[in-house]
2 protein chains.
Amino acid sequence: MNADKIPDIIITRLPVYLRALQHMADNGIKNTSSQELGESVGISAAQIRKDISQFGEFGKQGTGYSIPYLLDKLREILKVDRLWDVIIVGAGDMGHALARYQGFANRGFNAVMIFDNDKDKVGQKIGDLTIEDTVDLIEKVKSAGVKIAMLTIPATVAQDTADKLVQAGVKAILNYAPISLNVPEDVKVQYIDPATHLQRMTYYL
Amino acid sequence: MNADKIPDIIITRLPVYLRALQHMADNGIKNTSSQELGESVGISAAQIRKDISQFGEFGKQGTGYSIPYLLDKLREILKVDRLWDVIIVGAGDMGHALARYQGFANRGFNAVMIFDNDKDKVGQKIGDLTIEDTVDLIEKVKSAGVKIAMLTIPATVAQDTADKLVQAGVKAILNYAPISLNVPEDVKVQYIDPATHLQRMTYYL
DNA sequence: TAGATTGTTAATCGATTAACAATC
DNA sequence: TAGATTGTTAATCGATTAACAATC
């Protein structure tokens, strides 16, 4: 294991490798090469080898990588060899979709609470979850020790709510609100904004 | 206007600038500086100036950028100074959420069709749209000339469906299915996978 | 005018690629 | 063994930052 600081850009690629390897494993494939993995994710073989080798020697000359072994290692590196509790803030259409999303459990995540500030929604059930009042967010998240939140609320209240999440001890925010958030250095934010993503492609049309 | 090839990474940042500037404009702010814009999106002032200057001289020494003017220019560059028709493939929770999403219209996009291969869903209404049968996708998309699609279907059928989209003439795919897609060079793909995004943050927890 | 801020250059920094010895 | 493929080095390529003349 290398003790140096790993570049952020490498960390962003590892989940993509993990996903592709999981897909191969699901199809009963036991081994792969940097070449093959690279083709499946659209990244050069050299870069795949370089990225993976930052964390140890997980391959074998001549035969490549054992998929189950590499899966184990990547999950360990990304710390998804466990189940993280996650909260959802905002019970609109997107919050509903996330609360019902089946793809989290086998990738390391478990939605444990959903909040909304609309009193009419509080108490309603979405799947296993009951919508809770946002006024209780800080207290409940803090005492449950949840570190990860998904934000699906209007842009107008997103910064305020992010501040509350930070107060509650949240360290990772997946932000669906179409606005940039300002958070302390030790809090990570990832952005999902469909319009922004679409606008990254229209330039080329 | 610079005729050189603009690096892809610059194009990915422009929509973020656009979003922040729109936000400022909504608050009645008329001018900004690279410094101020940079702070709001978490990017250095030098980089903002460099990015923007690839396309022309849109600022003024001493006073910075006129927000309405820069908005116009960025929309023109990104080609979102018009309304793009977009289709949704997959009428599950995520497809529903996108079909009802209010944030597209004022950012250059208009959902015009939604498809699903479940015969029980075909004919049902979601907002203004009626769910159509995926078997008709190629024909309908081709004849309507739609160039942009959002894919909210299971990973198992995503590649097949992407191939159909390509056949239908689609050149930009926003892929919500948790799998890497292989498409021709002239087709752009953006990925939105909440589990992948979350896994990019757990490493740091 | 004086102060502020751009657009741009050069320097620095970091990421990607090519190539190959090591070795399974 | 012969063929394949890794991990790693050095070279290349590209992106970011610092600094400042130009100028509003």
Side-chain angles (χ1 to χ4, degrees), chain A residues 1-17 20-21 24 29-74 77 185 200 203, chain B residues 1-17 20-21 24 29-74 77 185 200 203:
Chain A
M1 179 72 70
N2 195 324
D4 291 349
K5 172 93 172 66
I6 305 291
D8 206 76
I9 194 157
I10 292 185
I11 301 304
T12 68
R13 284 192 293 258
L14 296 188
V16 176
Y17 303 161
L21 290 164
M24 290 175 183
I29 306 172
K30 299 272 184 276
N31 293 281
T32 191
S33 63
S34 58
Q35 175 75 28
E36 187 181 54
L37 180 56
E39 276 165 17
S40 104
V41 300
I43 289 176
S44 78
Q47 183 156 85
I48 301 238
R49 291 200 300 280
K50 192 122 205 273
D51 285 354
I52 292 174
S53 71
Q54 303 295 307
F55 303 94
E57 305 194 355
F58 301 152
K60 269 218 264 293
Q61 287 99 329
T63 60
Y65 301 93
S66 152
I67 291 176
Y69 182 71
L70 188 52
L71 275 172
D72 267 3
K73 287 298 177 183
L74 286 178
I77 291 162
E185 257 206 6
R200 286 177 178 150
Y203 173 80
Chain B
M1 177 73 67
N2 194 324
D4 291 348
K5 171 95 174 64
I6 306 291
D8 206 77
I9 194 158
I10 292 184
I11 302 303
T12 68
R13 285 192 292 260
L14 297 187
V16 176
Y17 303 161
L21 289 164
M24 291 175 183
I29 306 174
K30 299 272 183 278
N31 294 282
T32 190
S33 64
S34 57
Q35 175 76 30
E36 187 181 55
L37 180 56
E39 277 165 16
S40 103
V41 299
I43 289 177
S44 79
Q47 184 155 86
I48 300 238
R49 291 201 301 279
K50 194 125 203 270
D51 286 354
I52 292 173
S53 71
Q54 303 295 308
F55 303 93
E57 306 195 354
F58 301 151
K60 269 220 263 291
Q61 287 100 326
T63 59
Y65 300 93
S66 152
I67 290 176
Y69 182 71
L70 188 52
L71 275 173
D72 267 2
K73 287 297 177 183
L74 286 178
I77 292 161
E185 257 206 5
R200 286 177 177 149
Y203 173 80

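Note on naming: letters A, B, ... go to the chains in the order of the sequence lines (proteins, then strands), and numbering restarts at 1 for each one. If you're wondering where the values come from, they're calculated on a predicted model, not measured in any experiment.
Note: CZ (A:F58) to P (D:dT8) measures 11 Å, nearest angstrom. Rounded to an integer number of Å, the gap from CZ of A:R49 to C1' of D:dT8 is 10 Å. B:D51 has its CG atom 17 Å from the P atom of D:dG14, to the nearest Å. As rounded to whole Å, 12 Å separates atom P of D:dT16 from atom CD1 of B:I48. Distance, B:L37 CG to C:dT6 C1': 14 Å, rounded to whole Å. The interatomic distance linking A:I10 (CD1) with C:dG14 (C1') rounds to 11 Å, in whole Å. Protein atom OH of B:Y65 is 8 Å distant from nucleotide atom C1' of C:dG7, rounded to whole Å. Atom NZ in B:K5 sits roughly 15 Å away from atom C1' in D:dC13 (whole-Å rounding).
Residue A:S44 places at least one side-chain N or O closer than 4.0 Å to OP1 or OP2 of C:dT17. For C:dA15, the OP1/OP2 oxygens have no side-chain nitrogen or oxygen of A:R13 closer than 4.0 Å. Dashed line: the shortest gap from a side-chain N or O of B:S34 to OP1 or OP2 of C:dT6 is under 4.0 Å.
Considering only side-chain atoms of A:S53, the nucleotide from D:dA15, D:dG7, C:dT8 that sits closest is D:dG7. Distances were taken from every side-chain heavy atom of B:E57 (C-beta onward) to each of C:dC24, C:dG7, D:dA10; the shortest belongs to C:dG7. Distance from the side chain of B:I9 is smallest to D:dA15 among D:dC24, D:dT8, D:dA15. Of the candidate nucleotides D:dG7, D:dT16, C:dT17, C:dT17 has the atom nearest to the side chain of A:Q47. Candidate nucleotides C:dT17, C:dC24, D:dT23 were compared by shortest atom distance to the side chain of B:Q61, and D:dT23 ranks first. Nearest nucleotide to the A:K50 side chain, out of C:dT17, D:dT6, D:dT16: C:dT17.
Comparing A:K60 and B:K60, the nucleotide of DNA chain D nearest to each residue sits closer to the 5' end for A:K60. Map A:D8 and A:G62 each onto its nearest nucleotide of DNA chain C; the residue landing nearer the 5' end is A:D8.
Counting only N and O atoms by type, the side chains of A:D51 and A:Y17 include a donor and acceptor under 3.5 Å apart. Between the side chains of A:S34 and A:R49, a donor-acceptor pair is found at a separation under 3.5 Å.
Checking side-chain atoms of B:E57 against main-chain N and O of B:S53 turns up no donor-acceptor pair under 3.5 Å.
Of all heavy-atom pairs between A:N31 and A:E36, the closest is O-OE1, 3.9 Å.
Base pairing of C:dA4: its partner is D:dT23, meeting the Watson-Crick or G-U wobble criterion (both donor-acceptor distances under 3.5 Å).
In this structure, the side chains of B:R200 and A:V16 come closer than 4.5 Å at one or more pairs of heavy atoms.
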